[in-house]
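In the text below, chain A, chain B and the rest are named by the order of the sequence lines, each starting its count at 1.
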Amino acid sequence: MIRLGYACSNTQLPSAAGTCRLKNATEEAILNLSRRNLSALKQILLWNRQNGIGLYRISSETIPFGSHPVNRLPWRRLLKPEFSELGRLIRKFKLRVSMHPGQYTVLNSIRETVVAASIAELEYHAELLDALSPDAAHKIILHLGGAYGDKKSATERFIRNFEKLSPSAKKRLVIENDEKNYTVADALSAAREIRVPVVLDVFHHRCNPSLQKQGLLRILELVATTWQPQDGPQKIHYSDQKKGGPPGSHSDSIDAAGFKRFYRCIRHLPLDIMLEVKDKEQSVLKLYRRIPTLDLKNNQQHKFQAFCRTP
DNA sequence: CCGCGTCAAGTTCAT
DNA sequence: ATGAACTTGACGCGG
């Protein structure tokens with residue numbers, strides 16, 4: 001059973017990532033923006049449900065300056081009704097959500113201030129997901145970080161700093177291979193040490209390959225061993241190279257023919273596939289048209305519900 | 001009112 | 001040394 005999802009925004013609906021400039025970041029502005037973002041998030045999740053989309057990445061900007069000292073709001077308490085309603089929605093419709101901190105979250109930095117800010121950012125992500133659901137299948141996906149010319153000691157630093165995270169952040173953390181520094185093999189060896197799952201980014205893997213004796217299916221199997229029952233179904237990321245763009249940049253839309261070839265190889269697996277493209281939900285709908293069995297509206301929901309843990 | 005330069009934050013790589 | 005690119009738009013100032 002395959003499910004598709006998209007990241008952070010819907011091209012047809014109001015943004016759920018409204019923010020403001022630091023100099024305007026009063027508590028009132030932050031609270032208003034947070035309310036607006038949670039309301040927009042609700043509309044997106046409802047839209048997803050109506051359109052048979054069970055997977056979605058929540059924007060890191062949902063609570064503006066979520067981990068920044070300027071934000072001293074007890075936002076989780078103030079917005080408890082909103083979070084409860086969203087949580088009910090997610091449970092009722094068996095939706096799966098995730099988050100993906102941006103490039104400034106570098107848990108293995110050589111600078112202590114950067115590590116501290118990264119831990120704060122990860123704790124913010126964990127707290128937001130906790131406010132929605134205690135289910136550990138709602139993940140925080142992170143890259144290993146910088147290489148600093150010495151991946152071995154950089155990875156050791158990542159592992160040391162991971163140990164400083166709260167239980168909630170730890171149970172949600174997943175590491176992803178990247179297009180420059182850390183291959184799938186690198187991510188797997190780090191993940192085995194700290195017992196977290198790995199998200200295989202198929203496109204990054206093509207840019208920055210490893211385990212070249214193994215086919216993609218065998219690599220998916222290897223990565224699958226890092227996912228435990230409480231982690232939910234294995235997740236992967238899928239995107240295409242932007243034509244004429246710099247290597248590693250994401251295309252505007254998913255190439256349906258290419259995806260169809262990929263799908264034929266993996267359709268027997270229980271995978272949640274996050275598409276990373278500019279046109280967001282449009283690519284999901286396009287693939288639903290090309291591959292109707294993917295459309296959850298055409299599917300018996302209980303099939304994939306069996307793979308979802310109920311909290 | 002609109003367009004486009006800028007935005008909290010880090011790291012890497014090209015020029 | 002400087003700046004673009006990567007997750008990504010959206011803010012909001014200046015004309």
Side-chain angles (χ1 to χ4, degrees), chain A residues 5-26 29-30 32-34 36-37 40-41 44 56-73 98-125 139-151 153-155 157-158 161 174-183 199 201 203-204 206-208 237-242 244-253 274-283:
Chain A
Y6 63 98
C8 300
S9 63
N10 180 301
T11 65
Q12 308 174 27
L13 295 174
S15 166
T19 185
C20 63
R21 295 291 120 96
L22 184 55
K23 63 177 179 176
N24 304 328
T26 62
I30 292 173
N32 287 337
L33 284 161
S34 300
R36 209 212 287 170
N37 289 340
L41 173 59
I44 291 173
Y56 179 68
R57 180 190 298 165
I58 295 175
S59 169
S60 297
E61 300 192 77
T62 302
I63 307 296
F65 301 96
S67 68
H68 190 283
V70 77
N71 184 347
R72 312 255 307 149
L73 276 181
S98 63
M99 298 186 76
H100 189 25
Q103 71 268 46
Y104 302 112
T105 305
V106 186
L107 190 56
N108 74 346
S109 176
I110 48 176
R111 295 162 53 194
E112 268 315 306
T113 54
V114 175
V115 173
S118 298
I119 290 174
E121 182 74 352
L122 289 167
E123 295 300 342
Y124 150 66
H125 282 72
K139 292 300 188 190
I140 300 168
I141 287 108
L142 186 68
H143 293 289
L144 278 159
Y148 308 92
D150 181 358
K151 279 204 283 188
S153 63
T155 302
R157 216 160 42 242
F158 183 94
N161 292 335
V174 172
I175 56 185
E176 179 189 359
N177 59 306
D178 66 69
E179 76 283 14
K180 282 204 175 73
N181 295 324
Y182 294 94
T183 62
V199 155
D201 187 307
F203 176 48
H204 289 164
R206 285 171 181 155
C207 303
N208 185 16
H237 290 177
Y238 186 97
S239 55
D240 292 317
Q241 171 65 45
K242 186 187 181 78
S249 57
H250 288 159
S251 61
D252 292 348
S253 188
M274 181 63 64
L275 305 181
E276 295 182 308
V277 275
K278 267 212 167 55
D279 71 355
K280 306 296 178 184
E281 84 289 349
Q282 295 301 318
S283 274

Output yes when a side-chain donor or acceptor of A:Lys278 lies under 3.5 Å from a complementary backbone atom of A:Ser253, and no otherwise. no
Using a 4.0 Å heavy-atom cut-off across all strands, classify A:His100 as base, sugar-phosphate, or nothing. nothing
Find the distance A:Asp201:CG to C:dC6:C1' and express it as a whole number of Å. 12 Å
C1'-based separation of B:dT12 from C:dA10 [nearest Å]: 26 Å
Which value, in whole Å, describes the distance between the C1' atoms of nucleotides B:dG5 and C:dG3? 15 Å
With sequence neighbours excluded, what pairs up with A:Glu61 under the salt bridge (charged side-chain N to carboxylate O under 4.0 Å, His left out) test? none
Please convert DNA chain C into dot-bracket. A pair counts if it is Watson-Crick or G-U wobble with both distances under 3.5 Å; crossing pairs go in [ ] and bases paired with another strand get |. ||||||..|||||||
Write down the distance between CE (A:Met274) and P (C:dT7), rounded to a whole number of angstrom. 14 Å
Distances under 3.5 Å between nitrogen or oxygen atoms of protein and nucleotides 9-13 of chain C:
residue	atom	partner	partner atom	Å
C:dA10	OP1	A:Ser15	OG	3.2
C:dC11	O4'	A:Arg21	NH2	3.2
C:dC11	O2	A:Arg21	NH1	3.0
C:dG12	OP1	A:Arg21	N	2.9
C:dG12	OP1	A:Asn24	ND2	2.6

Nearest-angstrom distance, P atom, C:dT7 to B:dG3: 27 Å
Expressed in angstrom and rounded to an integer, what is the separation of A:Lys180 atom NZ from C:dC6 atom C1'? 6 Å
Residues passing the side-chain hydrogen bond (donor to acceptor under 3.5 Å, both in side chains) test with A:Glu281, sequence neighbours excluded, are A:Thr11, A:Gln12
Applying ring-ring contact (aromatic ring centres under 6.0 Å, His included) to A:Tyr238 and not counting sequence neighbours gives A:Phe259, A:Phe262
Measure the distance from OH on A:Tyr104 to C1' on C:dT8 and round it to the nearest whole Å. 10 Å
Excluding sequence neighbours, so at least two apart, what forms salt bridge (charged side-chain N to carboxylate O under 4.0 Å, His left out) with A:Asp252? A:Lys242
Is any side-chain heavy atom of A:Pro64 closer than 4.5 Å to one of A:Asn71? no
If we take the P atom in both B:dC4 and C:dT8, what is their distance in whole Å? 24 Å
ring-ring contact (aromatic ring centres under 6.0 Å, His included) involving A:His143 - partner list, sequence neighbours excluded: A:His100, A:His204
Have a look at A:Ala147 and say if it touches a base, only the backbone sugar-phosphate, or nothing, with a 4.0 Å heavy-atom cut-off. sugar-phosphate
Same-atom distance (C1') from C:dA1 to B:dA8, integer angstrom: 24 Å
Whether A:His250 contacts C:dC6 is assessed here as follows: a side-chain N or O lying under 4.0 Å from the phosphate OP1 or OP2. Is that the case? no
Test ring-ring contact (aromatic ring centres under 6.0 Å, His included) applied to A:Phe158 - qualifying residues, sequence neighbours left out: none
Please name all residues satisfying salt bridge (charged side-chain N to carboxylate O under 4.0 Å, His left out) with A:Arg157, sequence neighbours left out, ordered by chain then number. none
Categorize A:Ser59 for me: base, sugar-phosphate, or nothing, with a 4.0 angstrom heavy-atom threshold over every strand shown. nothing
Partner set under side chain to side chain contact (heavy atoms under 4.5 Å, CB included) for A:Arg21, not counting sequence neighbours: A:Lys23, A:Asn24
Just the rounded figure in Å: distance from C1' of C:dT7 to OH of A:Tyr6. 17 Å
Rounded to whole Å, CG of A:Asn177 lies from C1' of C:dC6 at a distance of 15 Å
Pick the P atom in B:dG10 and in C:dC11, then give their distance to the nearest Å. 23 Å
Taking only residues two or more places apart in sequence or in another chain, which ones pass salt bridge (charged side-chain N to carboxylate O under 4.0 Å, His left out) with A:Lys180? none
Taking the side chain as every heavy atom from C-beta outward, state whether A:Ser109 and A:Tyr148 have any atom pair closer than 4.5 Å. yes
Please list, in 5' to 3' order, the outermost nucleotides of DNA chain B lying under 4.0 Å from any heavy atom of chain A. B:dT6 to B:dC13
